[in-house]
Amino acid sequence: MKALYAAGLGLATLTAVSAFSVVPAAAQECPIDRPVNMAGLGYESHAFHTEVVALIMREGYGCEVEVLPVETLAGFTGLARGDLDANMEIWTANPPPAWQEGLDAGTIADLGPNFPAALEGWFVPRYLVEGPDAPAPDLRTPQDLARYAELFEDPEEPGKGRFYNCVAGWVCEVINSQKLIAYGLEDLYTNFRPGSGGAMAADIISRVRRERPVVFYYWAPTGLFGQIGDDLIQLEEEPFDQAIWDEMREAEEPTRATAYPSSPVHVGANMEFVDAAPALAELLQNYETTTLSTSQAVAYMQDNDADADEAAANFLETTSDWEAWVPADVAARVRAAL
C-alpha cells in the first residue's frame, strides 16, 4: 500500500468481506450523497485512469460519478475549491503553483503515486538524423534547430519552421514556450498549439509514418509512444537543474533552459472529499499502476478504436492486481458487474 503523502488524512481501514458474501449492488450506498466529480483532462492516459476509478466507484461502492472536462490549470484551482473531488494524474515535477498552494493550505491532499515516472521532451523522427540520406545528421539539441527551420517549414508561415507544442492551457505549453525563447527559436519557429491532445497525436503520427519532417514535444506513457516510439529521437538538453528551471519559468525572456525533470505522477484529491468519503479516498490512495501498464492501456484504446471506459473495463476484466486496492466485497461487486 502506498504511504500517505498528506499528513492527517486519517483514512479508515476497512474490514474486507469475503467474496462469497456479496452484497447486492443495489443495496450498496455510496459514502457521499452526491456525485463524485472527477477531473477529465484531454489525453488518453488520464482518461483511462479516471474511468477505471469511476467504474470501481459506480459498481463497487454504488456511487454516481461525473467526469468533468477541464483544462490542466483550471483543474488544480477546481481541486482546491472543491469543484473537483479528484485528479488521477498530477505530474509532480512541474505542477502549477496552485498545487503546492493547495497542499500548503490544506485544501488538497496528495494521495501518492499513480505511476512512478513519466518522460517529457522534444522529439524528431529517427529518419531525419540517422541513415545515409538523413537530411539533418547533426541535429542533436534544441539549439541545433536554428539551422533547420527550413526543413521543418510551417505551411501557414513560409520562412518559419513549425514546432508542435502542447494544447493551449496545458502546463507543458507554457514551459515549451519559454524554452523556445531560451533556445533562440522564438523568431525562427511558429509556436503551433494543436486544438486537442487527440489531434496533436494524430497529426504527429501521420507525419512520422509518411516520413515527413516534424519536431514536437511529447510525453510518455502514451499510445503515441506505443505506436511510433522506436522511430523517434529525443533532442538532448542540459540535465535537469532546479535553479535553471525556476529561472526559466519565471523570466519574461529566459536565456537558459534545462531538460524536463523525471516526473512521478500522483493522485490528488480535495481534502473535504477525503474527510467526507474515507473509503473512496482509500481507493485513490491504494490506486497504483506502472508506466508500462498505462502505455498498454492507451495502446489498447488506439489499436481497438476503444473509448477510455472500454479500456478500463478491459483492464479490470483481464487483470487482478487492482483487487488489492479495495476490500473483497467491493472487488466482488465489480467482478459481478463486469
Side-chain angles (χ1 to χ4, degrees), residues 38-59 65 67 69 72 87-89 91 113-128 130 164-167 170 172 192 194-234 263 265 267 287-323 325 334-335 337-338:
M38 301 290 296
L41 276 66
Y43 56 94
E44 295 107 324
S45 64
H46 191 283
F48 163 72
H49 290 300
T50 301
E51 290 296 341
V52 170
V53 165
L55 197 157
I56 293 173
M57 287 183 178
R58 289 184 184 113
E59 304 300 344
V65 182
V67 180
T72 304
N87 185 334
M88 295 306 297
E89 284 195 22
W91 291 47
N114 179 337
F115 50 92
L119 172 68
E120 296 179 82
W122 290 14
F123 297 87
V124 296
R126 188 178 299 275
Y127 52 76
L128 294 182
E130 294 182 358
Y164 283 73
N165 200 337
C166 297
V167 175
W170 292 7
C172 49
F192 182 75
S196 69
M200 178 181 177
D203 197 0
I204 291 169
I205 291 171
S206 174
R207 295 187 70 85
V208 171
R209 287 179 170 168
R210 290 184 291 127
E211 298 195 358
R212 302 294 300 277
V214 60
V215 55
F216 59 95
Y217 161 89
Y218 221 78
W219 71 97
T222 54
L224 180 143
F225 270 87
Q227 295 183 53
I228 62 171
D230 290 342
D231 299 323
L232 302 178
I233 295 287
Q234 183 172 0
S263 184
V265 178
V267 176
Y287 191 100
E288 191 165 10
T289 63
T290 66
T291 305
L292 176 60
S293 65
T294 302
S295 293
Q296 290 172 337
V298 175
Y300 174 87
M301 293 167 64
Q302 296 177 345
D303 292 343
N304 295 278
D305 194 24
D307 293 332
D309 56 348
E310 296 171 307
N314 178 72
F315 171 79
L316 294 171
E317 288 172 352
T318 59
T319 64
S320 60
D321 290 348
W322 62 269
E323 295 181 4
W325 305 340
V334 174
R335 283 286 182 200
L338 294 171

query: How far does CG of L338 sit from CD of E59, to the nearest 0.5 angstrom?
result: 7.5 Å
Sub-4.5 Å side-chain heavy-atom contact between R207 and F216: no
field: Expected output: side-chain R58 to main-chain V334 donor-acceptor under 3.5 Å
entry: no
task: Answer yes or no: is there a donor N or O on one side and an acceptor on the other, between the side chain of W91 and the main chain of S263, under 3.5 Å?
output: no
Non-hydrogen atoms of T289 and P116 that approach each other most closely: O-CD, 3.9 Å
message: So which atom in P221 and which in T294 form the shortest heavy-atom distance, rounded to 0.1 Å?
response: CG-CG2, 3.6 Å
task: Look at the side chain of N114 and the backbone N and O of M88, then say whether any donor-acceptor pair between them is shorter than 3.5 Å.
output: yes
task: Over all heavy atoms of both residues, which pair between E120 and Y217 is shortest? Give the atoms and the distance, please.
output: OE1-OH, 2.6 Å
message: Quick check for you: to the nearest 0.5 Å, what is the distance between C166 atom SG and M200 atom CE?
response: 5.0 Å
- request: Among V208, I233, L232, find the residue that satisfies the side chain to side chain contact (heavy atoms under 4.5 Å, CB included) test when tested with V124.
  value: I233
message: What's the separation between atom NE2 in H46 and atom OG1 in T222, rounded to the nearest 0.5 Å?
response: 15.0 Å
- line: Value for CG (D307) from CD (E310), rounded to nearest 0.5 Å, stands at 5.0 Å
field: E89-S45 side chain donor-acceptor pair, cut-off 3.5 Å
entry: yes
task: Report yes if the side chains of P113 and E288 come closer than 4.5 Å at any heavy-atom pair, otherwise no.
output: yes
- line: Between P125 and V214 the two heavy atoms that sit nearest each other are CD-O, 3.1 Å
query: Parallel, tilted or perpendicular for Y218 and F225, by the 30°/60° rule?
result: tilted
query: Does S295 use its side chain to pair, donor to acceptor, with the backbone of T291 at less than 3.5 Å?
result: yes
- request: Measure the spacing between CD1 of I205 and CZ of R210 and express it to the nearest 0.5 Å.
  value: 12.5 Å
field: Under 3.5 Å donor-acceptor, N304 side chain and Y300 backbone
entry: yes
Atom pair CG (L128) and CZ (F123), whose distance is rounded to the nearest 0.5 Å: 14.0 Å
Y287 side chain vs W322 backbone, donor-acceptor pair below 3.5 Å: no
